[in-house]
Every structure is written in structure tokens, then in C-alpha cells.
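These notes are about the structure you will find just below.
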Number of protein chains: 2
Amino acid sequence: MDLINRISSEQSQFSKSERKVAALILHEPEQAIHRSIASLAALAGVSEPTVNRFCRRLGCKGYPDFKLQLAQSLAQGTPYVNRDIEENDNVDQITQKIFDSTLNALSIARQSLDSRPIAATVEAMVSARKIAFFGFGASASVAHDAQNKFARFDTPSVFSDDPLVQRMWAINSEPNDVLVCISHTGRTKALCEIAAIAHNNKATVIGITAPNSPLSENCQFTVSTNVPEDTDQYMPMASRIAQLVLIDAIIAGYTLQRGPKFREKLARVKEGLKGSRYSKQTTTKE
Amino acid sequence: MDLINRISSEQSQFSKSERKVAALILHEPEQAIHRSIASLAALAGVSEPTVNRFCRRLGCKGYPDFKLQLAQSLAQGTPYVNRDIEENDNVDQITQKIFDSTLNALSIARQSLDSRPIAATVEAMVSARKIAFFGFGASASVAHDAQNKFARFDTPSVFSDDPLVQRMWAINSEPNDVLVCISHTGRTKALCEIAAIAHNNKATVIGITAPNSPLSENCQFTVSTNVPEDTDQYMPMASRIAQLVLIDAIIAGYTLQRGPKFREKLARVKEGLKGSRYSKQTTTKE
DNA sequence: CTTGTTTTTGTAACTTTACTACATTTAGAC
DNA sequence: GTCTAAATGTAGTAAAGTTACAAAAACAAG
């Protein structure tokens, strides 16, 4: 993980004075890299060796090495995690911060991904008779999106955020049917019940949800994104984005697995959609 | 231009000894940033002041500043690559590539964002009587998601992907009503018509869509993400993600604009949702 | 609440690093 | 060859970073 993220995530392991240093650096990292250890220490109200120890705790060889790594971490355009939105931020700052934290969450998700359940999901979908995507609340739109993508394919697929519709589908499910349950927490009661019903019918139940959650208990396998998110403060944002990208990946895998003939079909579907749009005057490529 | 490129392009202006230094740095830049001026000078077979002068000639304040800039220039070197998915990629590779290209698209979107229409959107929503989110296809789930978020707020909001429902809403719209039209291409006929109707009724029509598109003609203002996307090959993926993050930003702006009392209300909504979930056994913070 | 122990923090001496002023060398022009 | 100017290096100096150790603070046990 990159240095700035580490500073903010490992704050709990720091001592009181070290936290002062951390706060200063997270507040204005660009400035910190141009300061000497003495001036940084003075600004943080601590002694120079404290700053040095702070650097060492982060695995750096010393202060110069720390500055170097910090500079790299900044240059990478690596999102500043946990730069919370503050009371009098303007719209531009808010937008940047939201984008930053989403980028950060995504790159964390990418690193911590386990490809085995993803491969298994692709496998199951390729041989599925019919596929359902269920979810509630914020996860409903994720399920909606997934089904939208699958609508272009020839395997029958449904989306629903209606518990009764979901229940009916689950009751009618059979082996070789695939049910994808989407939930950030994995604790939504209604969805757990549906999953259990389908699971009983020997349908393939896949969870895009938190590992070791009540929902994942009823799933054949679980794909999770491990996005750190402060759901206490605001609603799930980044985790939902990670789920969507995950589904994109699953779909890309599915498309590829189906082979070249299948992709020809897709091209035809795409062509068929053109009638619903205004044609372009310009010749610019979209 | 970035430092490494400058070193190689400005070589002609360097003196003989300075060129030795340049050659050394271009050969192994990663190593150079961990060396002291003395060891670098020795390695290049020149004196320390020569290295220092070399740094100054490149516009750096001195050797430490040079190292810093060099480090940044190196870190920037490898952004998220937009590698295409290939025929016999395995699932892991596909997943990484999809995440990479999404990350890439998001960071491009972040840079090219214009905050003025975003601010205007927040403004309009804060004083809105009712808000609608409309879209078709892939954009339907984006609209769905947006409405989901707004469902927690006290301003009445709707989502629809049904042209008739949309039309009825548009016909009944009034000034101070806000209509958010979401479309990747901005060329979906049905949505343009709806926008036109609402626009005629003097409702505030906001487009999350391509600039200078038929749809944006009927919008008071347009928020766009400028994500380069190869829609010919696959379906829109990254652009849709960028739209979602954009909406997150708008919602964050909205929440903040509404002030602290409003956020207390949100906390109560959140508390109210708990009944629908299984409680946690573990005490770990989510 | 006191005492002993451990952890944290700061002070001061020390080492390393980078910079400056000046001397020397080198290259080019006449 | 000699003068001039540019380039390079030497040595001293200033600044920055590190280490060892002592003081202070936090903690636990009696």
C-alpha cells in the first residue's frame, strides 16, 4: 500500500506525538516534502528525533527516505484517503475528494481481490439456464446494472428488488439456475431468506457481499471487495462502485469464455440498438 | 515536461562532466534517488559541485530538491495502463485489466471535471420541490442509484425507466422541479423528448451526458465526464462508473449545503434501517 | 497514593550531507 | 604561446539528519 494511505490507516499504532506529525503531513503533504526535519518538528510541536522515529515506524530508512517516498506517493496521483469532507469545502473540493476516495477504494479492492470465486462465477454463468440478480436499497441498482448488461446476452436474466418477485423466482429455481445476491453488509434479512430458498433448491447462489456474513452462509461462493468504508457517516459509495467494476470483470470474463461466435451476436444486438438513437452529424469517433 | 524527459532532451546544453552525470541518471534513475551527492559524483567520475551545478541547471534548488523531483517523475511514469483484454487472458488478468482501465478512466474524469455545472446542480437540488432521475439501458441503473440515494432525503424524488411514466412526470413538471437526465451518448431519442417537455414547462433540466449532444440542447446545464471509452467494442463501463461517482459528489455537496440539522435527520433514517438487518455478533467496527 | 517499571519524549553531541568560495585546470581565440 | 573565459575540482563551512542518553510521562502493582 502506498505511504499516504499507510499513514492514515496506521494512525492507531502511533504514539501521541507521532500522531501530531501524521496529522500535519496528511493535512498538507505537498508542503511537508519541502521542509527539513527541524522545521517539520517545530511546526508539529515535537522534537526532531520524534519525527525520525515516525519515519522509521513507517518502514523508511530515515527522514530523507521518507520524504522521497512521500513525494512518490503524491506524484502517483494516488488518492488521499480519509481526507474527510469538511464543513466549508466548496463544490470543487468535495468533488475532488469524492473522486479521490473512490479511486483509492478501487485500487485497494483491486489488490485484495481473490480471482477464484470470480472464475467460479464466470464458470457457473456460462452454463446457467437462467440468471437472477437480486438486491435491496443501494445494492438494487447494482443488481439492476448487472442485469442490464446481461440483457444483451442470450441467457435469460432478471433483476428484481421486490421481495415477492424474488421469492417466487427462488421457489421456482432449479439446479443450473444462478442467483446473484448483492448486499454490502450481507445482513439484509429479506435477501438472506431468498438465498436460503434458492440454495435449498440446489440452485447456484453467488454472493457479492461481505465474507462470513449471514448472507454468505447461504451462498455457494462469495465474491467480496474488501473496501474500507465508513458506512457510519455516509451511505456506501465506494464499495458499491467496486461491486460494479467487479461485475464488469465478471461480464468480460463471461463474454470471452463464450467464444468468438458469441461476440458476433453481441455486435448484432448493438447494431439493433442504433434505431433508438439520433445519428451523429459529426464524423468524430465516439 | 517531466524531469527525466528534460534531462534527456536538454543534454546538448550540458557540459562534458554534466553529461556524464546525465548519462548515469538516465541509465539507472531508481538507484540515483537513493544516493548521496558524494557517491553519485564518485560514480560518475566528477566532483560534487558539478553534480550540484547540474541540478541547478535543471531548475532545481539543489541536489535534495533534484532527488525529490526525480522521484516524483519516476512515480508518475507508470499510471494505470489501459491494456486491452486479449483472447486467452485468464480471469485474474481480465479482472486486473478491468480495474485498471476503470481507475484510469476515473482519474481522467477527475482531472477534466468542470465544477461550475456541478455547483449549479447542487444549488438547484437544494431548492427543488421534487426531483426525477430518468435514463434508459445502462443509464437506467445510474438513475436508479441516484434516486436510491435521494430516497434518504426529504425532497420527493422518483426514478423511472418507463417512457410513459417519464412523460407523465414531465408533463406535470413545474418551475422549481428538477429533472436529471442520464445518458452516455446524449442521443437517446425517447429521453430527449422527455427533456424537451420538462424544459418547456420551465422545470430545471440537468443532463449528465455528453456535451453538445441533442440531449444537452434541452438541458439548463450539462455535467459531463469526458471519459474516453471504446463503446464500439464493449458496452459503456467506465463512463457509467464516472457518472456514479459524479452523483456521489453531487449528493455530498447537497448534504453539506443543507446544513447540520439536515444531517441529524439522516442519522435517524440510518438508525431506522437497522431493523431490516441481522445484527452483528462481532464487535469489530464495520 | 506511592513506588517501581516501562514507554515515550526531548536534549545534546555527533555524523553525514550538501553547499559556497576560491583555486586550478582546460579549452578556445588571437 | 599567451590571454581570456569557461569548466571543473578542492577545501572549508553550514546545515541537516542521526545516535546515545537522560528526563519526563504513563502505567501497573502494592
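In what follows, chains carry the letters A, B, and so on, assigned in the order in which the sequence lines appear, proteins first and then strands, with residues in each chain numbered from 1.
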- prompt: Rounding to a whole Å, what distance do you find between Lys61(A):NZ and dT19(D):P?
  reply: 11 Å

task: Output all residues satisfying salt bridge (charged side-chain N to carboxylate O under 4.0 Å, His left out) with Arg19(A), sequence neighbours left out; order by chain, then residue number.
output: none

field: Pairs meeting criterion salt bridge (charged side-chain N to carboxylate O under 4.0 Å, His left out) with involvement of residues 44-62 of chain B, two or more places apart
entry: Glu18(B)-Arg57(B)

query: Nucleotide by nucleotide, 5' to 3', does protein get under 4.0 Å of the base (B), only the sugar-phosphate (S), or neither (-) in nucleotides 11-18 of chain C, counting heavy atoms?
result: B-----SS

query: Is Gln220(A) close to Ile206(A) at the side-chain level, that is, under 4.5 Å between some pair of heavy atoms?
result: no

- prompt: Could you state the CZ-P distance from Phe66(B) to dC19(C), rounded to the nearest angstrom?
  reply: 12 Å

- prompt: Do the rings of Phe54(B) and Phe66(B) sit parallel, tilted or perpendicular, given the 30° and 60° boundaries?
  reply: perpendicular

query: What distance separates Leu191(A) CG from Ile182(A) CD1, expressed to the nearest 0.5 Å?
result: 9.0 Å

query: For His34(B) and dG17(D), what is the distance between atoms NE2 and P respectively, to the nearest whole Å?
result: 17 Å

Listed partners of Glu217(A) passing side-chain hydrogen bond (donor to acceptor under 3.5 Å, both in side chains), at least two apart: none

statement: Here the distance between atom C1' of dA6(D) and atom CD of Glu18(B), to the nearest Å, is 11 Å

query: If only side-chain N and O atoms of Arg53(A) are considered, is one of them under 4.0 Å from the OP1 or OP2 phosphate oxygen of dG17(D)?
result: no

Hey, what are the protein-to-nucleotides 23-28 of chain D N/O distances that come in under 3.5 Å?
| unit_1 | atom_1 | unit_2 | atom_2 | d |
| --- | --- | --- | --- | --- |
| dA26(D) | OP1 | Lys16(A) | NZ | 3.3 |

Please report, to 0.1 Å, the donor-acceptor pairs under 3.5 Å made by any side chain of residues 32-47 of chain B, with sequence neighbours excluded.
| unit_1 | atom_1 | unit_2 | atom_2 | d |
| --- | --- | --- | --- | --- |
| Arg35(B) | NE | Gln31(B) | OE1 | 3.2 |
| Arg35(B) | NH1 | Ser39(B) | OG | 3.0 |
| Arg35(B) | NH2 | Gln31(B) | OE1 | 3.4 |
| Ser36(B) | OG | Ala38(B) | N | 3.4 |
| Ser36(B) | OG | Ser39(B) | N | 3.3 |
| Ser47(B) | OG | Thr50(B) | OG1 | 3.0 |

task: Establish, with yes or no, whether the OP1 or OP2 oxygen of dA7(D) is under 4.0 angstrom from a side-chain nitrogen or oxygen of Thr50(B).
output: no

Ser15(B), nearest nucleotide to its side chain (from dT8(D), dT19(D), dT20(C)): dT8(D)

query: Which atom names give the shortest non-hydrogen contact between Ser213(A) and Thr185(A), and what distance separates them?
result: CB-O, 3.7 Å

